[in-house]
Amino acid sequence: MAVAPLLELRGITKRFPGVLANDKVDFDLRSSEVHALLGENGAGKSTLMNILYGLYTPDEGQILLRGEPIELGSTKAAIEHGIGMVHQHFMLIPVMTVAENIVLATEPRRNGVLLDFDAARKRVQELSNRYGLLVDPDARVDRITVGQQQRVEILKALYRGAEILILDEPTAVLTPQEAKELFEILRSLKSQGKSIIFISHKLNEVLEIADRITTLRRGVVVDTIPASGATEESLARMMVGREVLLRVDKKPAHPGDPLLQVEDLVVFDDRGLEAVRGLSLSVRGGEILGLAGVDANGQTELIDAIAGLRAVRSGRVIVDGHDLTDAHAKDALDAGIGHIPEDRHRRGLVLPFTLAENLALHAYRKPPNSERGFLNLRAIFARARRLLKEFDVRGGTPSTPAAALSGGNQQKVVLAREIDGDPKVLIAAQPTRGLDVGAIEFVHRRLVEQRDAGRAILLVSLELEEILSLSDRILVIYEGRIVGEFPPTATEEELGFAMTGGGRDREAAA
Amino acid sequence: MSDDERRADELIELAITQDEVEQAPLQPGVPPPPSMHFASRFGGVSGVIAPLITTLIAFLMGGLVVALTGKNPLKVYHAIWNGTGLNWFFHIGNHSARVPFSTTHMWFPWDTSSVAAQNLQQTLLLTTPIILTGLAVAFAFRCGMFNIGGQGQYFAGTIFAVWLGTSFGGLSPWVHVPLVLVVGALAGAVYAGIAGLLKATVGAHEVISTIMLNWISIWVGSYLFGQGGPLQGSQPSIPISNDIVDGAKLPVIWGLKLLQGLSIGIFIAVAILVVYWLIINRTTLGYEVRAVGFNPEAARYGGISVARNYFLAMAISGAFAGLGGALDITGWEYRIGENDIHANTIGFIGLAAALLGRNTALGVGTASLLFGALINGTSGRQLDPSIFRPDLAGNLTTIIQGLVILFVGLNVGGVWLWLKRRRGA
């Protein structure tokens with residue numbers, strides 16, 4: 001092809017002891033294109049982009065911008081070369097306004113010392129209008145939605161003169177609607193000459209937005225292909241290196257008796273505001289109930305209340321006929337609640353603990369794992385060895401610290417522990433968050449397996465695709481209430497509409 | 001570069017790389033728990049190497065200070081070494097020693113009555129309470145708390161030991177000694193328990209509350225043993241308690257009681273080190289304490305009561321320090337004066353020992369011996385004034401202690417390993 005690339009990475013190699021993060025990676029970006037960088041967790045996408053953003057120096061290789069070799073020793077150098085990055089976790093100051101955040105570190109000044117707020121606001125407004133990135137420059141960042149915060153991040157990069165934008169997993173935190181809006185913005189940026197590197201492991205998104213796709217696997221470029229003509233299946237194969245089952249394979253459900261019943265539950269959030277507002281639901285044995293909703297609509301508080309981790313203000317929680325309202329976490333565990341928490345680092349695992357210790361987090365207090373207050377390490381390790389094998393946890397022995405495992409394997413450890421506790425009710429909160437295709441497949445298969453074993457499964461997820469492919473029944477939560485029930489044949493649009501409060505009228509009418 | 005160092009480097013690298021490779025999203029805006037970085041980067045082999053380097057650098061800088069005074073650091077350190085009595089182990093010959101608790105003598109490779117032997121007895125006497133106040137810091141730390149109150153808890157044990165030790169004359173030593181030690185430990189436990197309870201119930205930060213409890217204990221002790229105080233001894237105008245009765249004194253097994261020989265206290269301290277290791281590594285309590293210390297949220301999710309563990313961990317910490325105070329009184333001090341209360345800093349030396357020893361049983365034991373030896377070796381009694389003035393030497397000890405704490409805080413040892421790796425790469 002004759003098109004001269006705007007940016008070219010040639011033979012980039014980056015080694016960490018024991019890990020070859022990037023192995024002679026070639027990557028190029030043309031002017032006005034969206035080039036997706038696809039790969040599993042640990043494939044080396046972030047390392048490569050951190051090299052491009054000046055956070056790491058490559059061991060070997062060259063970076064050429066418009067044909068000229070450049071040295072990127074720092075993020076400052078990257079910014080000066082017109083490279084901007086929107087991190088997955090936003091780097092914004094919550095108590096400052098949008099305009100203040102955007103001009104941070106390059107504030108327009110008046111008389112040399114005073115911050116010129118008016119100029120800042122005006123320039124932000126200009127940029128905002130030019131690229132269709134609508135945000136209120138005077139709004140405080142902690143008061144705007146996650147999608148708007150992301151726009152602020154993009155504006156920040158543009159304000160600093162970015163011609164090349166790196167977006168790291170930008171849709172991970174967005175609702176489907178927000179993701180659509182983001183894609184509109186990206187198209188508009190592209191049409192105005194900006195070039196975009198889009199990092200993702202979501203196949204459908206990559207196909208939708210990208211012009212070309214480069215797939216990385218274990219630090220090596222598998223191939224760079226045009227997006228037209230690629231399919232989800234072909235991309236998954238490139239990414240994982242084998243055939244992957246993208247659709248969950250499951251038999252029809254045979255629901256039994258209700259094992260989890262929640263009645264008129266009211267729960268407060270950390271700020272003391274009502275987060276769950278009179279919510280009722282019931283999950284039967286042998287079915288997966290999917291709870292769909294935009295983040296922060298009471299899902300976390302609902303799960304916490306069921307698992308005994310948050311006080312119940314009113315209403316009831318009943319597990320297999322036993323009243324568990326306002327029980328302690330230990331009682332909830334004993335009553336048969338298994339809980340795959342939404343944040344495995346903050347809650348699901350004690351990262352410095354060994355895998356054996358993590359797997360014993362509930363069972364340590366019961367024989368044979370302990371007797372009369374003394375741990376039986378032999379039993380704990382034997383159990384760990386069995387579970388690690390059963391759940392195909394790779395990269396560690398029972399005495400490896402959990403922190404040393406990849407995200408997918410960490411999640412397998414959590415899954416192993418919760419399933420081995422033989423729960424009646426299994427709460428799976430965002431069970432595949434941050435996992436790659438292979439690990440997602442594993443988690444989904446296990447959840448269906450547990451359903452078929454007669455357990456009641458409450459699946460809470462922000463990923464509609466996951467909800468749709470796993471659930472036997474779908475409830476939509478909005479502002480702490482259930483606003484609709486859907487069959488698994490519902491479309492993403494129908495769910496998305498209800499998730500943003502659109503279904504309330506319909507429910508009121510029904 | 002030795003194999004060990006290379007492995008240490010690799011471990012650090014691996015841990016750092018893992019952090020980078022790991023892309024699983026945390027809650028936006030919530031940083032990963034700091035304990036994760038700490039434990040994963042500096043556990044393992046480097047967990048031994050980094051403190052060694054830290055100590056070495058502290059001694060080198062101490063040597064620099066000595067050189068500034070115009071003295072030869074090597075000579076000074078050699079004299080301090082001899083003062084510690086640790087040289088005793090290197091003088092092997094044909095000697096005889098009395099078997100403890102009997103009058104029979106038997107052949108022994110070391111001279112048990114040499115000057116070095118007496119120095120060593122003093123070092124071990126000093127090491128005893130440092131081990132215990134060190135464990136007081138270490139145990140709380142394992143539960144995620146910073147117990148600065150070792151000093152106050154030590155005084156709680158001291159005060160009760162003096163009180164009970166000066167009472168009940170004529171009681172059998174088999175009853176009196178255990179009574180004093182157990183009550184001393186309990187006093188420390190209750191005293192630290194206050195801070196634990198405040199943390200568990202209203203969330204009062206233990207650093208603040210234990211510091212304040214330290215001051216309370218100092219002034220209560222000052223009142224009790226001071227002029228006209230209820231525990232002041234029978235000599236008016238001297239603000240010192242009476243000696244504890246003979247039946248409350250620990251048996252001296254090496255050297256003479258009159259010359260402050262070594263009591264069995266050091267063995268009790270070593271036994272407590274083993275107990276500490278057992279609790280931490282082999283009991284459900286230790287499991288819970290560690291889980292809470294590393295990640296209270298995950299512990300809560302696992303059905304562990306975080307509040308209960310905060311309280312228990314503080315109380316057990318206090319018991320260690322309180323026992324330390326009781327051992328000092330029953331082992332060799334026998335009495336305490338108002339001045340001692342103000343001059344004693346054993347709780348803070350324990351803090352340094354726990355920091356340097358990284359809260360492990362072996363580490364705290366070793367670091368305690370280091371500090372015990374250092375304090376004894378630089379004391380006016382042991383150091384030859386013609387080589388280095390003992391008052392300056394005492395300051396040198398403080399400098400080295402201070403540097404160790406500073407370096408552990410900055411993780412100088414770890415940074416050094418990291419820099420070496422960078423240069424090697």
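First the proteins, then the strands, lettered A, B, ... as listed; each starts at 1. Every heavy atom of this structure was used, including side-chain atoms; hydrogens, water molecules and symmetry mates were not.
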Is B:I279 in contact with chain A via its backbone, its side chain, both, or neither, using a 4.5 Å heavy-atom distance?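 Neither part; nothing is under 4.5 Å.
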
Chain B contact via [X] - side chain, backbone, both or neither, heavy atoms under 4.5 Å:
| X | answer |
| --- | --- |
| A:E357 | both |
| A:R372 | neither |
| A:A332 | neither |

Roughly how far apart are [X] [atom1] and [Y] [atom2], rounded to 0.5 Å?
| X | Y | atom1 | atom2 | result |
| --- | --- | --- | --- | --- |
| A:I380 | B:Y287 | CD1 | OH | 7.0 Å |
| B:L278 | A:L375 | CG | CG | 10.5 Å |
| B:N281 | A:F374 | CG | CZ | 12.0 Å |

Heavy atoms of other groups near A:R218 CZ, more than 12 under 6.0 Å: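 For A:R218, atom CZ is not crowded (no more than 12 foreign heavy atoms under 6.0 Å).
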
Counting only heavy atoms from other residues, nucleotides and ligands, does the tally under 6.0 Å from CG of B:L362 exceed 12?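 Counting other residues, nucleotides and ligands, CG of B:L362 stays at 12 neighbours or fewer.
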
Is a side-chain N or O of [X] found less than 3.5 angstrom from the main chain of [Y], in a donor-acceptor match?
| X | Y | answer |
| --- | --- | --- |
| B:Y301 | A:R346 | no |
| B:N295 | A:H345 | yes |
| B:R300 | A:L309 | yes |

